[in-house]
Undergrad: 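Here you go, one structure.
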Amino acid sequence: MNTTQEVAAIVKAAMKAAERTPTWVARKAGIALTTLNRKLEGGADFTVGELRRIAAALKMPAAALLPEDFFAMAAAS
C-alpha cells in the first residue's frame, strides 16, 4: 500500500469511527464531494490543509490522520 492509499484508509476509518458520511465531511471541511471521494479512493493525495480541516471537522488531532511511519521517518531526519 502506498502513502496515498494509506492516508485514504486512515481518513475513511476516522470518518467511520465518528459516524460521519463523506457528504458531511466534505461540507464541514470545505472540500468538494467529488474531490473528497476521489481522494478517499486513493486517486489523489490529500493536502495538509485538507487533512487539517477534516481533522477539525471530526474533532481530532490532524496528526491522527497520518501514517505511523511518518513520525518515525521525521524523527530519523
Undergrad: Who pairs with K28 by salt bridge (charged side-chain N to carboxylate O under 4.0 Å, His left out), at least two apart in sequence or on another chain?
TA: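 Salt bridge (charged side-chain N to carboxylate O under 4.0 Å, His left out) list for K28, sorted by chain: empty.
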Undergrad: Does some side-chain heavy atom of T3 sit less than 4.5 Å from a side-chain heavy atom of D69?
TA: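 They are not in contact (no side-chain heavy atoms under 4.5 Å apart), so the answer is no.
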Undergrad: Taking all heavy atoms of N37 and all of P22, pick out the closest pair and write down the distance.
TA: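 Nearest heavy atoms, N37 then P22: OD1-CB, 3.7 Å.
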Undergrad: Compare every heavy atom of A8 with every heavy atom of G42, then report the nearest pair and how far apart it is.
TA: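 Closest approach of G42 to A8, heavy atoms only: N-CB, 4.2 Å.
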Undergrad: Is it true that, when you exclude R52 itself, more than 12 heavy atoms of the residues, nucleotides or ligands shown sit nearer than 6.0 Å to its CZ?
TA: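 No, because the 6.0 Å sphere around CZ of R52 holds 12 heavy atoms or fewer from other groups.
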Undergrad: Please give me the minimum heavy-atom distance between A55 and A62, naming the atom from each residue.
TA: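 Heavy-atom minimum between the residues: CB-CA, 3.5 Å.
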Undergrad: With rounding to the nearest 0.5 angstrom, report the CD1 to NZ distance, I10 to K12.
TA: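 I10 CD1 to K12 NZ: 12.0 Å, rounded to 0.5 Å.
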Undergrad: Identify the two heavy atoms, one from Q5 and one from N2, that lie closest to each other, and give their separation to 0.1 Å.
TA: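 So the two residues come closest at N-OD1, 2.8 Å.
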Undergrad: Using the rule that two of Ile, Leu, Val, Met, Phe, Trp, Tyr join whenever any of their side-chain heavy atoms come within less than 4.5 Å, decide whether F46 and L33 are in one cluster.
TA: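 Per the 4.5 Å side-chain linkage, F46 and L33 are not co-clustered.
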Undergrad: Between A14 and M60, which heavy-atom pair has the shortest distance, and what is it?
TA: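 Looks like CB-SD, 3.8 Å.
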Undergrad: Answer yes or no: is there a side-chain heavy-atom contact under 4.5 Å between V11 and K39?
TA: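 They are not in contact (no side-chain heavy atoms under 4.5 Å apart), so the answer is no.
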Undergrad: Between L36 and T23, is any pair of side-chain heavy atoms under 4.5 Å apart?
TA: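 When only atoms from C-beta onward are counted, T23 and L36 do not touch, as no gap falls below 4.5 Å.
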Undergrad: Quick one: are L51 and L66 in side-chain contact, heavy atoms under 4.5 Å?
TA: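 They are in contact (side-chain heavy atoms under 4.5 Å apart), so the answer is yes.
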Undergrad: With side chains defined as the heavy atoms from C-beta onward, is the minimum distance between L58 and V25 less than 4.5 Å?
TA: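 Side chain of L58 against side chain of V25, heavy atoms only: contact under 4.5 Å found.
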Undergrad: Can you tell me how far the CE atom of M15 sits from the CD1 atom of I54, to the nearest 0.5 Å?
TA: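 Going from CE on M15 over to CD1 on I54, the span is 7.5 Å.
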Undergrad: Quick one: CG on D45 to CZ on R38, what's the gap to the nearest 0.5 Å?
TA: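 It comes to 10.5 Å.
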